[in-house]
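Please read these numbers as outputs of a predicted model, since none were measured by experiment.
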Amino acid sequence: MLLNALRDDAEQRTTHRIRSCLNLIGLDPMITSKQITCLMRLSRRNDLAFLWFLWEMHYKTPKPGPYSVNEQLICSAISHLDTITTLRELDKILPNGHPNKQK
């Protein structure tokens, strides 16, 4: 969904689709359209990069410690987008499982 929103908003020079996605994630306070446009350019239509830059530039807490709610939401969204790719890559490098021996 975010990937399509990035593509469409970039092509039409708008931000309302991305803003809708960020609302669905639950981020509060919402960043401005100007900030979204900057993130769109930086991420080059890559949804994972967009979320990473969003976190780094607007929601990352300055001191180490517990993550804020916004940081947790962004990290969860990144994890959700990257899970399938991670599992595929792990399948390539991990040995095959052994069948269970039942008595």
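Checking Thr15 against Asp9 by side-chain atom types alone, no donor-acceptor pair falls below 3.5 Å. Under the 3.5 Å distance criterion, with hydrogens and angles disregarded, no donor-acceptor pair is assigned to the side chains of Thr86 and Glu89.
Side-chain contact check for Ser68 versus Glu71: some heavy-atom pair is nearer than 4.5 Å. Between Ile31 and Arg19 the shortest side-chain heavy-atom distance does not fall below 4.5 Å. Using a 4.5 Å cut-off on side-chain heavy atoms (C-beta onward), Val69 and Asp28 make no contact. A heavy-atom distance below 4.5 Å is not found between the side chains of Leu3 and Phe50. Proximity of Met57 to Gln35: side-chain heavy atoms (C-beta onward) are nowhere separated by under 4.5 Å.
Looking at residues two or more places apart in sequence or on another chain, you find a side-chain contact (heavy atoms from CB on, under 4.5 Å) between Leu48 and Asn46, Ile78, Leu81, Asp82.
Rounding to the nearest 0.5 Å places CD1 of Ile74 at 11.5 Å from NZ of Lys60. Between atom CG of residue Leu39 and atom CZ of residue Phe53 there is a gap of 8.5 Å, rounded to the nearest 0.5 Å. Separating the NZ atom in Lys92 from the CG atom in Leu87 is a distance of 12.5 Å, to the nearest 0.5 Å. Between Glu11 atom CD and Arg17 atom CZ the span is 9.0 Å, to the nearest 0.5 Å. Atoms CG and CD1, from Asn70 and Ile25 in turn, are 10.0 Å apart once rounded to the nearest 0.5 Å. Remark: Leu6 CG to Ile18 CD1 distance equals 4.0 Å, nearest 0.5 Å.
Nearest approach of Leu51 to Ala77, heavy atoms of both residues: CD1-CB, 3.9 Å. In terms of heavy atoms, Arg45 sits closest to Ala10 at NE-CB, 3.5 Å.
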Between Asp8 and Thr14, is the side-chain contact (heavy atoms from CB on, under 4.5 Å) condition met? List the steps.
CA-CA 8 Å; Asp8 294 344; Thr14 59; over 6 Å; no
